[in-house]
2 protein chains.
Amino acid sequence: MANTKTNLSNSVKTLKGLQSEVQSINRIALSVDCVIFGFDENKLKVLLIRSDLKKYQNTFSLLGDLVKPEEDLDTSAYRILKQRTGLNDLYLEQVHTFGEVGRHPGGRVVTVVYCSLVNVQHHRLKTLDHDLHWHEIDSLKELLFDHKKIFDHCYVWLQKRVQEHPLGFSLLPNKFSLRELQNLYEAILHKKLDRRNFRKKFFSMDVLVDIGEDEQNVPHRPGKLYKFDYEKYEKNKKKWQGIDF
Amino acid sequence: MANTKTNLSNSVKTLKGLQSEVQSINRIALSVDCVIFGFDENKLKVLLIRSDLKKYQNTFSLLGDLVKPEEDLDTSAYRILKQRTGLNDLYLEQVHTFGEVGRHPGGRVVTVVYCSLVNVQHHRLKTLDHDLHWHEIDSLKELLFDHKKIFDHCYVWLQKRVQEHPLGFSLLPNKFSLRELQNLYEAILHKKLDRRNFRKKFFSMDVLVDIGEDEQNVPHRPGKLYKFDYEKYEKNKKKWQGIDF
DNA sequence: CGAATAATGTGTTTATTTTACACATAAAAT
DNA sequence: ATTTTATGTGTAAAATAAACACATTATTCG
């Protein structure tokens, strides 16, 4: 064990010594990558960018960037989103950090991955970089580096997370019908749900507010529109909890 | 948006250019910290080390180290565990990455946090560093830097994770009684459980094997001993899943 | 303008899961 | 042998989830 005394939290040393150690030993770059989910035409999508590397010109990539020394990880993720989508205040959550030695051909790059959920309608208003594309998640093939693996991880994360936390609403317009909400869940979970039970379940969770308006321009009986009420959610959090021992 | 063209995945550039970018821009150190849970005397514990920094001599700290440029994050975590506990093959899982700018006085250090669960009985056989201590989680006060915050996050993680994945067994000896298993869950979840329902639940999950032995040296009727069967778990995974829509 | 179309809105019955709860049994200690 | 202590088991009630059908409302088309 004595031969391990060269590391960060062993052997007595001064703060100053620690500082120089921190600044000299590490040659690892740190990036943030964002898996940005959207929902459009009843399909779950992910926002990708055409790789800016000549060698990988026809490959798409997640949106990411190196973390700046003076910014928090979350701040970095928000910055990337802001730069790329023009939007603030998106739902954002850290999911996992990927750091295999060979994952990036540019050297050792460890990437902290965030998931974000955006309302595509709203988003479409902004003019965007032409290399950005919303890809259907079902037809995703190869991505840059290990980005496909990262995406797969995040998609599984989303499927689980959406059942224990009301983050799905971030993918919808402020006003939505229950049908739209159900379509969203069906797209994320990739299975059909019973319409009556779905409705019952959401009402019992008590996070929706009937805003007294109906859908417009639908070729059939319009449904009522609802909005998500975060305060109601806070009061009814326990209903979103899973199994208990 | 044009003024954002200096980052990792924008603007067309060569792989070579990317390499030098990766190697020059980042001045961020990367560490791994391990929250090592143990279970002893019916109490949940965490393995801490007395800080090796003069300034923080009376403060305890998680076990961590800088990540080496040539090692994967998981490898790094395993190395730390091996060095500090002498054990291989411990349960290990990445939980979260903490990277606030001011979290470490030695400079910008982003830390990837892993949780590990060890069998304290087994562990005690090894001779350990004298600065290591098993602390009861209930009486944890201040820890080094943001380690208390990190610990709290991991404890919440454990409480949730133990209900959806059979990782708790890593905290027990190979052979255990149902009472010991229940004590473990009660310690982790911090609440009393009904003995009959607990037993029923675990049997219905179908991951335990009766090994045909009884407890020894207990001052009362001995309980049967069981072991955890990972293959059975693989077959019955779905029973560990939470709510479904 | 009426009929056909298409999706909304609502309740009940059944099955499953979870909770609450009590007594006989086996070993150890006295 | 009696007392102590914790094990081992089952059932009834309550809550939750699943399966399922029909009347309603707006639109579209003839």
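Every chain is numbered from 1, with letters handed out A, B, ... down the list of sequences.
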**Student:** Taking the nucleotide of DNA chain C with the closest heavy atom to each, which residue, B:His220 or A:Gly223, is nearer the 5' end?
**Tutor:**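 Looking at the nearest nucleotide for each, A:Gly223 comes out on the 5' side.
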**Student:** Nearest whole angstrom, please: distance from the P of D:dT24 to the NZ of A:Lys224.
**Tutor:**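 Computing the A:Lys224:NZ to D:dT24:P distance gives 16 Å.
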**Student:** Check whether any side-chain heavy atom of A:Lys224 lies under 4.5 Å from a side-chain heavy atom of A:Glu213, and answer yes or no.
**Tutor:**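 Heavy-atom side-chain distance check fails, nothing below 4.5 Å.
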**Student:** What closest approach, in Å, do B:Val209 and B:Lys232 show between heavy atoms, and which atom pair accounts for it?
**Tutor:**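 Closest pair (atom of B:Val209, atom of B:Lys232, distance): CG2-CD, 4.1 Å.
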**Student:** Would you check if A:Met205 and A:Asn236 make a side-chain contact, meaning some heavy-atom pair closer than 4.5 Å?
**Tutor:** no
**Student:** Out of curiosity, B:Phe98 CZ to A:Leu73 CG, how far, rounded to the nearest 0.5 Å?
**Tutor:** 10.5 Å
**Student:** Any idea which of D:dT9, D:dA6, D:dA18 is nearest the A:Asn197 side chain?
**Tutor:** D:dA18
**Student:** Output the single nucleotide from D:dT27, C:dT18, D:dT9 whose closest atom is nearest the side chain of B:Lys201.
**Tutor:**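 Closest nucleotide to the B:Lys201 side chain: C:dT18.
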**Student:** Among C:dA20, D:dT27, D:dA17, find the nucleotide with the atom closest to the side chain of B:Lys200.
**Tutor:** C:dA20
**Student:** Measuring from the side chain of B:Asp194 (C-beta onward, heavy atoms only), which nucleotide among D:dA26, D:dG8, C:dC21 has the closest atom?
**Tutor:** C:dC21
**Student:** Looking at C:dT8, I'd like to know if its phosphate oxygens (OP1 or OP2) sit under 4.0 Å from a side-chain N or O belonging to A:Arg179.
**Tutor:**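 So the side chain of A:Arg179 is within the cut-off, an N or O lying under 4.0 Å from OP1 or OP2 of C:dT8.
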**Student:** In whole Å, I'd like the distance from the CZ atom of B:Phe202 to the P atom of D:dG8.
**Tutor:** 15 Å
**Student:** Would one find a side-chain N or O of A:Arg199 under 4.0 angstrom from OP1 or OP2 of C:dG9?
**Tutor:** yes
**Student:** Tell me the interatomic distance from B:Glu215, atom CD, to D:dA6, atom P, rounded to whole angstroms.
**Tutor:** 11 Å
**Student:** To the side chain of B:Arg221, which of C:dG9, D:dT28, D:dA6 is closest?
**Tutor:**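 For B:Arg221, the side-chain atoms sit closest to D:dA6.
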**Student:** Between atom NZ in A:Lys239 and atom C1' in D:dA15, what is the gap in whole Å?
**Tutor:** 13 Å
**Student:** Measure CZ/A:Arg195 against C1'/D:dA21 and give the value in whole Å, please.
**Tutor:** 11 Å
**Student:** Taking CG from B:Leu181 and P from D:dT7, how many angstroms apart are they, rounded to a whole number?
**Tutor:**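 Roughly 12 Å, once rounded to whole Å.
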**Student:** Starting from C1' on D:dG8, measure out to CZ on B:Arg196 and report it in whole angstrom.
**Tutor:** 10 Å
**Student:** What is the distance, rounded to the nearest whole Å, between atom NZ of A:Lys191 and atom C1' of D:dA18?
**Tutor:**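 The answer, rounded to whole Å, is 12 Å.
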**Student:** Starting from the C-alpha separation in whole Å, work towards a yes-or-no answer on side chain to side chain contact (heavy atoms under 4.5 Å, CB included) for B:Tyr230 and B:Lys235.
**Tutor:** CA-CA 9 Å; B:Tyr230 190 77; B:Lys235 280 180 202 142; over 6 Å; no
